[in-house]
Each structure stands twice: as structure tokens, then as C-alpha cells.
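Since the structure is predicted, the reported quantities are computational estimates derived from the model, not experimental observations. Numbered from 1 within each chain, the chains take letters A, B, ... in sequence-line order.
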Amino acid sequence: MDTQAKHYDPSKVEDKWYAYWLQHKFFHSEPDNRPAYTIVIPPPNVTGILHMGHVLNNTLNDVLIRKARMDGKNACWVPGTDHASIATESKVVAKLKAEGISKEDLTREEFLKHAWEWKEKHGGIILSQLRKLGASCDWDRTKFTMDPDLSEAVINTFVYFYKKGYIYKGVRMVNWDPEGLTAVSDEEVIHRDTPSKFYHMRYFISDGKGNATDKYIIVATTRPETIMADAAVCINPADERYHWLKGKKVLIPLINKEIPIIEDSYVEMDFGTGCLKVTPAHDVNDYEIGLRHHLPVIDIIDDHGRLTADAQILVGEDRFVARKKIAKMLEEAGNLEKTVDYTSPIGYSERTNAVIEPKLSAQWFLKMDALAKDALESVESGKVKLIPDKYRNTYKHWMENVRDWCISRQLWWGQRIPAWYLPDGSFVVEATPEAALKAAQAINPALKMEDLRQDEDVLDTWFSSWLWPISVFDPEMPGHPEHKPNADLASYYPTNDLVTGPDIIFFWVARMIMAGNEFMKEEPFHNVYFTGIVRDKLGRKMSKTLGNSPDPLDLIAKYGADAVRLGMLLCSSAGNDILYDEAQVEQGRNFCGKIWNSYRLVSGFKVDASLQPSEVNKVAVKWFQNKLAQAVETVEDHYAKFRISDALMTIYKLFWDDYCSWYLELVKPAFGAAIDAETYERTLGFFEDLLKLIHPVMPFITEELWHAIRPRGAQETIMTARTPAVQPYDPACIDAFEMAKETVIGIRATRNQKNLPPKEPVEIRIKTGYPEEMAPVVAKLACTGDIRFVSDFGEDNGVSFLVRTAEVFVVLSGLVDVAQELAKLEEQLQYQEDFLARVRAKLANENFVAHAPEKVVATERKKEADSLAKIESFRAQIKSLKEQQ
RNA sequence: GGGCGCAUAGCUCAGUCGGUUCAGAGCAUCUGCCUUACAAGCAGAGGGUCGGCGGUUCGAAUCCGUCUGCGCCCACCA
């Protein structure tokens with residue numbers, strides 16, 4: 001863009017450089033002899049669109065991958081999308097419904113055709129959005145969890161675990177989603193405290209012939225619509241209140257069905273009425289009790305959550321409608337004692353938000369014990385580091401209490417379970433129909449293909465995602481009998497870092513570790529960096545209904561991707577929620593403006609090759625070189641500890657404060673004057689180093705200016721320029737400059753207080769203990785006249801201040817308000833005397849001197865000495881001022 | 001119900017081994033400046049009983065206990 005423009009315009013820069021990077025395949029990686037640095041993207045839903053959470057996650061990923069690339073690593077960031085079975089399928093169902101097509105009217109093949117069309121149309125939008133953000137993914141490696149080869153990996157994995165004896169089919173209580181019409185795993189159920197009612201119902205005692213006596217017991221439930229499925233009423237055998245009930249039978253209200261009284265210690269005597277209605281078909285615990293007492297299972301709720309004919313009454317009604325109606329019926333029948341408001345935890349489907357119905361059904365499960373044990377060890381041993389490590393506890397707890405994974409889903413969008421049923425009801429598990437037929441014929445040679453019926457269910461999406469760090473490199477998967485070595489896998493596995501949200505620590509992170517251990521005998525990554533949830537500035541979750549979630553693409557259009565990236569990172573520390581505020585993106589934009597303008601200044605310098613560097617330039621260059629080295633060291637340390645926002649802030653301040661406010665102001669030639677060639681060259685070099693430090697965070701503006709500041713070849717990019725190396729530096733030099741800064745600030749503050757124009761030269765006298773080589777710095781930046789190092793300030797009017805222990809005196813031609821100066825000095829003296837008293841008290845404490853490390857004691861003695869010097873200085877000043885009065 | 005974590009300036013957060021003049025940063029605020037890179041800027045300034053209480057220690061923002069207020073995860077008391 002036009003280098004004279006006062007304001008940086010990202011829209012003229014960002015697309016241009018992204019196209020350049022793509023054109024030259026700078027993001028592409030092939031195995032070579034450099035050490036690899038690998039990240040696999042947490043695959044977003046294929047039909048998803050970019051939200052602020054993606055922006056945070058992918059910015060962090062991109063910072064890490066760009067940093068690694070500039071560190072000389074063979075950086076490979078594999079992008080891709082997830083088929084998200086239930087979410088995508090429900091979107092497709094909704095879309096078809098809007099077109100008047102019902103899923104039930106379609107065959108599996110017809111439905112999948114619609115689904116794939118939808119995927120082709122909407123899939124991958126999010127990946128193109130990531131390009132706008134600057135994500136340096138290796139797009140040539142883009143994968144989709146339902147790509148044919150990745151699906152094959154999933155099927156092979158199923159067969160592998162089945163043959164290993166880890167996968168079994170069983171009838172179990174599962175979490176049924178009546179809207180998604182599928183079972184979901186325990187992890188996909190969200191429990192929320194939900195207000196409901198506790199219905200206290202009268203169950204009359206039967207006379208033994210199915211007639212009600214006038215005696216009754218009270219049973220409390222939150223689900224009166226399930227009473228028709230009751231198989232018993234249960235009491236605690238130790239509950240003396242109900243001993244008279246033993247051996248009796250009661251009648252279910254409304255339908256007058258006789259059910260037995262049973263005893264089980266599961267029942268809590270002090271909860272509810274102490275009488276529990278046992279409904280084996282519709283409650284997990286009741287099912288267990290039913291098993292123990294051989295109770296019949298009466299299923300009265302269908303897949304859609306409606307009452308079935310077995311309910312006898314309210315047939316076809318939705319469970320919640322039925323609940324209201326039955327309450328009324330109970331009341332009218334005289335069976336309702338009372339209703340009490342009650343809040344209880346209710347399970348909801350993560351995807352559809354439907355209330356989960358515990359339902360007995362045949363599902364496929366993966367045994368987790370052995371896998372979880374190894375995966376726990378991976379984290380406990382530190383082979384996988386969780387950042388922040390507070391998640392270790394959460395992880396451990398889950399791994400130690402894990403239950404078998406329900407991996408079947410009653411959906412069509414996904415990998416179909418490779419189990420084939422024989423006419424006799426038995427089944428074989430094989431990767432292909434051909435293999436299945438062969439296996440079936442081994443049982444019964446007469447069988448033909450058309451005799452086999454494949455299982456209707458598909459696999460849980462996470463059953464494909466957990467292979468992601470392996471399958472993106474080698475879909476054939478180690479563990480497969482004919483597996484051949486694969487160069488990509490050998491080179492890129494294990495990946496290095498994983499950046500993801502803590503909400504999928506069990507869904508995804510833990511299971512990837514399991515798959516890695518199982519198939520690779522090695523964990524899939526070394527570090528897992530957990531981001532927080534992006535919230536609005538009021539701390540609310542971002543949601544469509546609240547309308548508090550900005551569209552990242554709008555933000556990028558308004559402020560530029562660099563600004564958005566910096567804005568996100570500014571407020572992100574690992575594991576903490578992000579309170580997003582557009583002001584942070586503005587700060588990012590402002591930083592772009594600062595960088596841009598500093599470039600305009602530097603590029604506009606007139607250079608005179610005949611000039612020798614001035615003293616001030618020499619000091620400035622020497623100082624900034626040290627300062628830069630120190631900052632590089634700090635930044636590297638922050639990155640190594642995944643303190644990304646700290647690294648960023650270090651760089652931000654290095655550029656804005658140290659380079660712009662101090663360094664450039666020092667070497668900036670006077671109006672119309674030129675800069676010497678040597679200093680100019682160093683200034684450009686520093687600028688380049690700074691651009692390189694900033695690049696991982698703000699890739700676009702840094703590429704633009706890196707090209708602008710020096711001539712570059714047609715193939716060159718800052719992307720592969722080397723990060724400034726860690727160099728030794730001289731802390732004494734930095735410290736001396738700090739004193740100069742304090743002096744300059746002191747003089748400027750004095751001007752402010754005394755209403756002196758900023759550029760009117762003032763004379764400065766400084767007493768001993770000062771780095772005299774800094775005089776030119778002070779002179780230039782504080783616009784002083786003569787600076788003299790003296791032992792006595794003499795008789796001039798003026799005011800003084802302390803820099804450490806060195807007294808700096810500003811000569812003022814006008815009148816000084818002696819009383820005001822005295823008051824100021826008295827106050828400082830008082831503070832210093834108090835301070836000294838505290839230090840001395842400490843030093844007088846024998847315990848302190850005896851116990852504290854020598855270094856700490858020495859520091860206290862230094863404090864004492866410094867304080868004494870200051871006190872002496874204040875006293876002398878006060879004395880001198882009093883003499884003037 | 002069980003477990004984990006958090007509480008520091010108006011806001012968002014650092015504070016690494018208990019010890020450096022340690023009480024910090026960024027943003028916001030206030031004051032003065034349209035100074036020839038940048039007003040999306042420059043220069044300067046103010047602002048905190050480190051949630052409360054108790055303990056350990058020569059020494060506590062930091063360790064322990066407890067209380068209060070938040071947050072997260074797990075969970076089958078109907």
C-alpha cells in the first residue's frame with residue numbers, strides 16, 4: 001500500500017499476502033531432515049461457521065505454528081473438518097423438513113445423498129474463513145473425518161477392537177435423545193437443575209383380589225406419567241414405618257394394576273416418603289432394582305417420547321403433556337395427596353437440548369478400563385502435559401470413574417457399523433461386505449450376500465475424531481494387519497501441541513491419548529493448551545439468542561485480521577475464560593497504526609554516509625541491542641511456558657515503549673538533518689528483528705513492512721525468516737539507561753509542574769553516583785541545555801529530585817516556590833525516615849539476621865545505606881532552601 | 001451430593017522458590033499538548049487493607065485452617 005498514507009489499511013494488504021503465501025506454498029510441509037513441529041487442527045463441524053471461539057483457538061494455533069516455522073522447524077499444521085454426525089444430521093433433517101420432506105419417507109441412500117449435497121454446499125466454509133484470519137494451515141493436507149480413507153480407518157479400528165474383545169453389543173440403559181432419535185453417550189448428557197414438581201400419590205393396598213382397601217401409602221415421584229410402567233413399590237427393609245406392608249400388594253392408580261411391595265436397601269428412608277415406585281423401563285436405578293428382584297420391564301415410552309399402547313391410558317401423548325394430564329386425572333380420582341415444588345437435576349442432550357429419556361436398548365460399547373488406565377498414566381507421568389495443570393485433577397477423576405463408551409448412534413450420517421447379521425440373528429464383524437460374507441460362510445457355507453443384513457447404526461463422531469492425529473497422516477492406521485510404514489506418520493507423529501477447549505477434554509483429548517497409546521504406543525501430543533470460553537464483557541456466554549457474538553469476519557473487515565488476532569490474545573491466559581471486548585481489537589488496530597507510522601518515520605530518514613555516529617546514537621544503539629536481547633530471552637521463556645499473552649505483552653512494550661518512544665526518539669535526526677549510515681543500518685536491523693518477533697501474532701502487517709523496508713527477492717517471506725536468536729546482554733547497560741529514563745521523566749515532570757515549554761532548554765546539574773555516559777540521552781530527550789556533574793549545586797534557583805541515590809537539580813530561571821518545595825521535601829524525608837526505621841528494625845532482629853539467607857540480609861543493608869544517603873540528601877536540600885527563605 | 005479451582009487498581013489479568021524499594025502490567029480515567037511518524041497520537045499524573053477472620057514464620061499477596069462470594073467438572077435420592 002501507499003507508504004505515505006497516515007493510516008494503515010489492512011484491506012489493501014491482507015488478501016494480497018495470503019495469496020502470496022499460498023502461491024509459494026509456504027504453508028506446505030513435506031517430511032525432511034529438519035525437526036518437525038506438528039499441530040492438527042481441532043476439526044470444526046463441517047457445516048459450522050466461524051465464531052469467536054474458533055478465532056481464539058486458531059489464532060493460538062497459528063501463533064505456535066508460525067513461531068515454530070521461524071525457529072527453523074519443519075512446521076506442519078493439518079486442517080480439516082469433522083462430520084459431526086448428530087449436529088449435521090439434525091441440520092439436514094431440519095432443512096428437508098422446511099422443504100416438506102420427512103426423513104422417515106427417505107431411504108438411507110436418499111437421505112445420505114441429501115446430506116452429502118448439503119456438505120458439499122456448506123462444508124468447508126469455515127476453512128475459507130480461517131484463511132481470512134491468516135491461518136497458515138497446510139491446505140494440501142485438508143482432511144474430513146468422512147473422507148473415504150479416514151472412514152476406512154474408523155471401520156478398521158472398529159474391527160480391530162472387536163477382534164481384540166473390547167467391543168461388545170449389549171442391551172443397556174442408554175441416554176436416549178427423543179428429538180435426535182438416537183442414543184448418546186454419558187458425556188453428551190448435560191445435567192441442569194430444573195424446577196419441577198414432586199407428586200405425592202396414594203397407592204391403595206390391594207385386598208388380594210385386585211380391589212382397593214381403604215389403606216394406602218404415599219409414593220412421591222417427579223414422573224407420574226410413568227406409573228403405568230411401575231413394576232413394584234420398594235421400601236427399605238429397615239424402615240419400621242412400613243413393616244406392616246411386607247408381603248402386601250398395592251394398586252397402581254388409574255389403571256388399578258396390582259404390583260408387589262418389595263424391599264431394597266437402595267431406598268433412602270429419609271428421602272421423599274420412603275416409598276419408591278420402581279419403573280425398570282424408565283429409570284436407570286429402577287432398572288437395576290428390577291434386575292435384582294426379577295421384575296418385569298414394561299416400556300411405555302416410544303422413541304419420540306410418546307406413551308405407547310402399553311400405557312393403556314393417554315396413549316400417543318407426549319411425555320410432558322401426559323404428565324400434566326395424568327396429574328389432573330390423579331387428582332380427580334382422589335389419588336393425588338399433594339404436589340410440591342422441587343428442583344432436580346435433569347439430563348439434557350448436548351446437541352438437541354431435549355430431555356434425555358433413559359431407555360433400554362441394544363447398543364454397541366467399547367470397553368474403557370484398560371484404555372483409560374494407560375491414558376491416565378500418560379498424563380500422570382507427564383508425558384502429556386496439561387496446561388494449565390489444574391485440569392489434571394479433572395482428567396484423573398474421569399479416567400478413574402470411566403464407564404464403557406456407547407459408540408453406536410441411531411443415525412445415518414456417519415460410519416456405518418461393520419456388523420452383519422445372519423438370518424439366525426448372530427453376527428459377524430468385518431471391514432468389508434466381502435470379508436463379512438466369507439466369515440459368515442465359515443459359519444454356514446450356504447449363506448449368500450443377500451442373506452446378510454448390515455447393522456443400521458453409525459458410529460459416534462468421536463469414534464472417528466479420536467484417530468485424528470494418526471489418521472490424517474496415515475489413514476491405513478498402524479494396527480491394521482497389512483499396515484505399511486508411512487513417511488508422514490513417522491515424521492509428524494507425535495504432534496507437538498494441541499490447543500483446544502476444556503469442554504472436550506473427555507470427548508476428544510482423553511480418547512486421542514487412548515488411541516495414540518493403543519496404535520502408536522506413543523501419546524499423540526506433548527502439550528495440551530486449554531483455552532477458555534469466549535464470553536462477552538459482561539461475562540455472558542456468547543450465543544445467537546443473546547446476539548452478543550460478533551461475526552469475526554465483520555471484525556476482520558473493520559479492523560483487519562492482525563488487529564483481531566492481537567485483540568483476542570491480549571486477554572487470553574491459558575484456562576481462563578476470555579472476556580471479549582471490542583476495545584481490545586481497537587487496541588490491536590492502534591498497534592498496527594503504531595507499527596505503520598514507525599515504519600514511515602524510519603523509511604523517511606535521510607542518510608548521510610559521510611557522518612560518524614554521534615555519541616547519543618552510539619549509546620542508543622548499544623542500549624537497544626541489549627534491551628532487545630533481554631526481551632528476546634524473556635519472550636522465549638514465555639513461549640516455552642505457553643504464556644502467550646505475556647510473550648505478546650513483552651513484544652508490544654518492546655516495540656511501542658522501548659523502540660518507538662525511546663530509541664527512535666533518540667536517533668531521530670533534527671528537522672532537515674540526516675542520520676549517519678551506521679546508525680541507520682542498525683535501526684533498520686532492529687526494525688526487522690521486531691517485525692520477526694511480532695510476525696507470529698500479526699502476520700500480515702509484518703510481511704508488508706518486511707518487504708517494504710528492504711528490497712526482497714520474489715520468493716522471500718518473513719514467514720521463514722529466523723526468530724532473533726537469544727544473545728548475551730549486559731544488564732548494567734540496561735540499568736544505566738533506566739536511570740537516564742528516570743532522569744528524563746523527572747525533568748519532564750518538573751517542566752509540567754512549573755509550566756515550562758517542553759523544548760525550552762534547562763540547565764541540569766547532577767551529583768555523583770550517576771552513569772555519566774547517559775548525559776547525551778538526557779540532553780536529547782529532556783531537551784536540556786548544559787548538563788554538569790557536580791559535587792555542589794551552588795546558589796542557583798531550582799528544584800531537585802532523586803534518581804536512585806543520585807540527586808538531579810533543574811535550574812530554574814524564574815522564582816521557585818520555596819515553601820512548596822520545602823513541603824515536598826519534608827514529605828519525602830518523612831517517608832524515607834519511616835522506611836529506614838522499618839529496615840533497621842528488621843536488621844536489629846536477631847532472628848532475621850540469623851535465619852534469613854545472606855543475600856536477603858545484604859539487600860536490607862543496601863536498602864539501609866541507600867536510604868541513609870537519600871535522607872542526607874533531603875536534609876541538605878531542606879537546609880539550603882531554608883537558607884534562601 | 002462429591003471433587004476441583006478462583007477472589008490483587010474502575011475493567012481484564014500477571015505476580016515463577018515465602019525474601020530485590022513488591023504491591024505490578026495493559027486498558028480505562030485525569031491534566032497538558034493538533035510538537036515537522038503516529039490525536040487510533042505525545043508528555044505527565046492519580047488509583048489497591050492483595051475477599052473476611054485466625055494460624056505458621058525472623059518475614060505472608062504467596063503456606064495452613066476457616067468463613068463469605070463466584071466459577072467449573074462429575075453425579076442414578078425417586
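- Whole-Å rounding puts the A:Arg589 CZ to B:A40 P distance at 8 Å.
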Could you please spell out the steps behind the side chain to side chain donor-acceptor pair (under 3.5 Å) verdict for A:Thr743 and A:Lys741?
CA-CA 5 Å; A:Thr743 313; A:Lys741 278 187 185 176; over 6 Å; no

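- Note on A:Ser661: only backbone sugar-phosphate atoms sit closer than 4.0 angstrom, heavy atoms only; bases stay farther off.
- Spacing between atom CD of A:Gln753 and atom C1' of B:A43 amounts to 13 Å, rounded to whole angstrom units.
- Using modelled atom types, one finds no donor on one side chain facing an acceptor on the other under 3.5 Å when comparing A:Ser867 with A:Glu864.
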Apply side chain to side chain contact (heavy atoms under 4.5 Å, CB included) to A:Glu738 and A:Arg804, showing your working.
CA-CA 10 Å; A:Glu738 282 306 310; A:Arg804 316 279 170 91; 3.7 Å; yes

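- In this structure, the CZ atom of A:Phe605 is 13 Å from the C1' atom of B:U36, given to the nearest Å.
- With respect to A:Phe198, the side chain to side chain contact (heavy atoms under 4.5 Å, CB included) criterion is satisfied by exactly one of A:Asp341, A:Thr343, A:Val340: A:Val340.
- Nucleotide B:C72 forms a Watson-Crick or G-U wobble pair with B:G3, both donor-acceptor distances falling under 3.5 Å.
- Across all strands shown, B:G52 is found opposite B:U66 as a Watson-Crick or G-U wobble partner, with both distances under 3.5 Å.
- Atom CG of A:Leu648 is separated from atom P of B:C27 by 12 Å (rounded to the nearest Å).
- Partner assigned to B:A23 is none, using Watson-Crick or G-U wobble distances below 3.5 angstrom.
- Nucleic acid contact for A:Lys653: sugar-phosphate only, since backbone atoms but no base atoms lie under 4.0 Å from a heavy atom of the residue.
- A:Lys396 comes within 4.0 angstrom of no nucleic acid atom, judged by non-hydrogen atoms across all strands.
- Taking the C1' atom of each, B:G47 and B:C58 are spaced 33 Å apart, rounded to whole Å.
- Within the nucleic acid shown, A:Cys234 has no heavy atom closer than 4.0 Å to any nucleic acid atom.
- Taking atom P on both B:C63 and B:C50, the two are 16 Å apart, rounded to the nearest angstrom.
- Separating the NZ atom of A:Lys6 from the C1' atom of B:C34 is a distance of 9 Å, rounded to the nearest angstrom.
- One donor-acceptor pair, N or O on each side, does fall under 3.5 Å between the base of B:A37 and the side chain of A:Glu665.
- Among the heavy atoms of the strands lying under 4.0 Å from A:Ile745 are primed sugar atoms or P, OP1, OP2 only; no base atom is included.
- Residue contacts shown for A:Glu860 are limited to sugar-phosphate atoms, with no base heavy atom under 4.0 Å away.
- Under the 4.5 Å side-chain criterion, counting only non-hydrogen atoms from C-beta, A:Glu268 is not in contact with A:Asn236.
- Closest to the side chain of A:Ala852, out of B:C58, B:A14, B:C27, is B:C58.
- No engagement by A:Tyr599 is indicated, since no non-hydrogen atom pair under 4.0 Å with the nucleic acid exists.
- Look at NZ on A:Lys558: it is 13 Å from C1' on B:A40, rounded to the nearest Å.
- If you check B:C42, B:C58, B:A40 against the side chain of A:Trp656, the one that comes closest is B:C42.
- Closest to the side chain of A:Lys594, from the set B:G26, B:U35, B:A37, is B:A37.
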Would A:Gln830 and A:Asp834 satisfy side chain to side chain donor-acceptor pair (under 3.5 Å), going step by step from the backbone distance to the final call?
CA-CA 6 Å; A:Gln830 186 61 48; A:Asp834 292 348; 3.2 Å; yes

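- Counting only heavy atoms from C-beta on, A:Thr859 has its side chain closest to B:U20 among B:C27, B:U20, B:C58.
- The phosphate of B:A37 has neither OP1 nor OP2 within less than 4.0 Å of any side-chain N or O from A:Tyr8.
- Between the side chains of A:Tyr266 and A:Asn285, a donor-acceptor pair is found at a separation under 3.5 Å.
- Spacing of P atoms, B:G3 relative to B:A75, comes out at 15 Å, to the nearest Å.
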For nucleotides 72-78 of chain B, give me one character per nucleotide, 5' to 3': B if any protein heavy atom sits under 4.0 Å from the base, S if the only such contacts are to the sugar-phosphate, - if neither.
-SSBBBB

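- When Watson-Crick and G-U wobble pairs are counted only if both distances are under 3.5 Å, B:G44 pairs with B:C30.
- Spacing of C1' atoms, B:A7 relative to B:C67, comes out at 14 Å, to the nearest Å.
- At whole-Å resolution of the value, CH2 in A:Trp662 and C1' in B:A43 are 10 Å apart.
- Across all strands shown, A:Arg748 has heavy atoms under 4.0 Å from sugar-phosphate atoms exclusively, and none from any base.
- Note on A:Lys842: nothing from the nucleic acid sits closer than 4.0 angstrom, heavy atoms only.
- Ion pairing between A:Asp866 and A:Lys870 fails under the 4.0 Å rule for side-chain N and carboxylate O.
- Figure legend: cation-pi geometry between A:Arg535 and A:Tyr580 absent, as NZ or CZ is not positioned both under 6.0 Å from the six-membered ring centre and within 45° of its axis.
- The pair A:Glu187-A:Arg511 counts as a salt bridge, with a side-chain nitrogen and a carboxylate oxygen less than 4.0 angstrom apart.
- The separation of B:U8 from B:G69, taken at their C1' atoms, amounts to 16 Å, rounded to a whole angstrom.
- Base-pair partner of B:G18: not found among the strands shown (Watson-Crick or G-U wobble, both distances under 3.5 Å).
- Comparing the P positions of B:C27 and B:A45 gives an interatomic distance of 15 Å, to the nearest angstrom.
- Across all strands, A:Pro358 comes closer than 4.0 Å to no nucleic acid atom at all (heavy-atom distances).
- Summary of the strand contacts: A:Ala670 and A:Asn590 both lie near RNA chain B, and taking for each the nucleotide with the nearest heavy atom, the more 5' one is attributed to A:Ala670.
- B:C6 and B:A14 have their P atoms separated by 10 Å, with the value rounded to a whole Å.
- Using a 4.0 Å heavy-atom distance criterion, A:Gln832 is classed as a base contact.
- Using a 4.0 Å cut-off, no side-chain N or O of A:Arg600 falls inside it from OP1 or OP2 of B:G41.
- Here the separation of B:G65 from B:C73, taken at their P atoms, is 25 Å to the nearest Å.
- One atom, CG of A:Asn393, and another, P of B:C4, lie 7 Å apart when rounded to the nearest Å.
- Residues A:Tyr391 and A:Thr394 are in side-chain contact: their nearest non-hydrogen atoms beyond the backbone lie under 4.5 Å apart.
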